[in-house]
Structures are given as structure tokens and as C-alpha cells.
Amino acid sequence: MEKKIYYFEKPGTENTEKLIELVKERREELGIDNIVVASVSGKSSLKVSESMPNAKIVSITHHAGFKGGDELELEPEYVDKLERKGIQMYVGSHSLSGVGRGISNKFGGITPVEIIAGTLRLFSQGIKVCVEISIMAADAGLIPTDKEVIALGGTAKGVDTAMVLKPAHMGNFFDLRINEIIAMPRP
Ligand SMILES: Cc1cc2nc3c(=O)[nH]c(=O)nc-3n(C[C@H](O)[C@H](O)[C@H](O)COP(=O)(O)O)c2cc1C
């Protein structure tokens with residue numbers, strides 16, 4: 001089978017609109033219901049929901065305290081709009097750093113889960129993020145693990161990477177399957 005991958009010239013937020021257009025096409029082609037979006041503020045998830053109003057969208061933000069204190073980085077402006085649209089928002093521990101980051105921050109070195117994250121980043125930041133948020137959403141019971149879903153991630157802000165994958169839970173991480181890459185940056 002032949003399939004297309006769209007490569008962005010640079011990573012970053014300016015690719016968000018084009019990425020959403022490509023996701024919309026692939027979703028229609030494959031008949032996929034569930035979409036998981038990494039959206040720290042809620043902005044990218046709102047854009048996805050405007051483009052695909054019938055999709056079952058899960059919007060995932062950073063865990064509280066990611067930037068210090070106990071703060072959440074969701075922005076009230078987007079939260080209100082996402083709530084009104086019935087979009088599920090989720091906050092939880094990051095599956096590809098977790099307590100491992102606490103260990104390496106305190107004692108140095110690197111834990112196996114951080115090596116997995118670093119390896120996925122060989123493709124792009126967003127590839128790692130798509131895998132990470134799919135595990136988080138599956139563990140929260142917000143997406144199925146017996147069907148393909150589409151995940152979108154990016155490089156700090158906006159979204160520049162999307163894939164079709166079959167999610168898995170944390171306990172059987174290696175059953176996750178990345179089936180198609182829709183787009184990614186080619187830095
Ligand atoms: C759980 C989680 C982990 C993330 N990890 C990374 C990362 O390792 N590298 C990165 O560049 N961006 C990371 N991001 C940022 C996302 O890839 C994406 O660019 C961002 O959530 C978009 O937010 P916005 O809608 O507010 O622009 C992460 C976001 C979340 C929610």
C-alpha cells in the first residue's frame with residue numbers, strides 16, 4: 001500500500017493549520033472517531049474541534065507544576081470554549097517521564113522510560129508526544145486500545161506531527177503500534 005507523509009520544513013506552531021487539514025483528510029479516509037491532542041493551553045484542541053466537530057476529541061495538557069508551583073497551564077479562554085463543546089480535557093502524570101524524571105533530576109543519569117522518550121525524539125518532538133499522550137488517554141479510559149486513533153503533538157507550542165496508532169496502556173506499552181505517520185517536521 002502506498003501512503004503519503006507530509007514533511008514540514010521546520011518544526012513549530014506555524015504548521016498547526018496545515019496539520020489539522022491533513023488529519024481531517026486521513027480521518028475521513030480511515031473512518032477514525034478518536035483524536036488525542038497535546039494542547040498545553042487548549043488552543044490547538046479548539047482548532048481541531050472547529051475543523052472536526054464530530055470527532056471524539058481528548059485534549060491533554062501538562063501536569064500541574066510542570067513549570068513550577070502547582071500551576072496548570074490551561075488558559076481559561078480555551079477551557080470555557082472546550083467545555084461548551086463537550087471536549088474532554090485531561091491532566092495527569094506524563095507517561096514518558098513520570099517519576100523517572102524525578103529520579104534523574106535528583107540523582108543524575110537517565111531512567112529507561114526517558115531513553116524511550118529520547119529515542120522517539122529521533123523522529124521529532126511530536127512523535128514522542130503523540131505516543132506519550134496516547135498512553136495517558138488510554139490509562140484514563142478516554143480512548144479505546146482496540147481501535148486506531150489519531151494523535152497530534154508538537155514542538156512546545158502548536159502541533160506539527162500526527163500519527164495513526166493503536167494505543168496501549170502503560171503496563172503493556174510495547175503493544176502500542178504506530179501504524180501511519182500523517183505528517184512531521186523534517187528539520
Ligand atoms: C503531556 C505533554 C508532553 C509534552 N512534551 C513535549 C516535549 O517533550 N517536547 C515538546 O517540544 N513539546 C512537548 N509538549 C508540547 C506539545 O507537543 C504541543 O506543542 C503543545 O501541547 C501545544 O499546546 P498549545 O495548544 O497550547 O499550543 C508536550 C505537551 C504535553 C501535553
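Predicted model only: the values in this text are computed from it and were never measured. Heads up: numbering here begins at 1 and tracks the sequence. In each ligand, atom 1 is the first atom listed, and ligand 1 is the first ligand listed. Values reported hereafter were calculated over all heavy atoms of this structure, with side chains retained and with hydrogens, waters and symmetry mates removed.
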Visitor: If you measure from atom 22 (C) of ligand 1 to every heavy atom of Ala38, Gly153, Ser41, which option wins on shortest distance?
Guide: Ala38

Visitor: Taking the non-hydrogen atoms of Arg121, is any one of them nearer than 4.0 angstrom to ligand 1?
Guide: yes

Visitor: Can you tell me the protein heavy atom closest to atom 18 (C) of ligand 1 and the distance?
Guide: Gly158 O, 3.3 Å

Visitor: I'd like to know whether ligand 1 has Gly126 as a neighbour, heavy-atom separation below 4.0 Å.
Guide: no

Visitor: Evaluate Lys128 for polar contact with ligand 1, using N/O atom pairs at a separation under 3.5 Å.
Guide: yes

Visitor: Do Lys4 and Glu25 sit within salt-bridge range, that is, some charged N less than 4.0 Å from a carboxylate O?
Guide: no

Visitor: Among all protein heavy atoms, pick out the one at the shortest distance from atom 3 (C) of ligand 1; state its residue, atom name and that distance to 0.1 Å.
Guide: Glu132 OE1, 3.4 Å

Visitor: Among protein heavy atoms, which sits nearest to atom 4 (C) of ligand 1, and what does the distance come to when rounded to 0.1 Å?
Guide: Val129 CG2, 3.8 Å

Visitor: In the protein, which heavy atom is nearest to atom 23 (O) of ligand 1, and how far is it?
Guide: Val40 N, 3.0 Å

Visitor: Any atoms of ligand 1 less than 4.0 Å from a non-hydrogen atom of Ser39? List them with their elements.
Guide: 21 (O), 22 (C), 23 (O), 24 (P), 25 (O)

Visitor: Quick one, His63 and Ser93 - any side-chain contact, counting heavy atoms below 4.5 Å?
Guide: no

Visitor: Nearest to atom 9 (N) of ligand 1, what protein heavy atom do you find, and at what distance?
Guide: Gln125 OE1, 2.6 Å

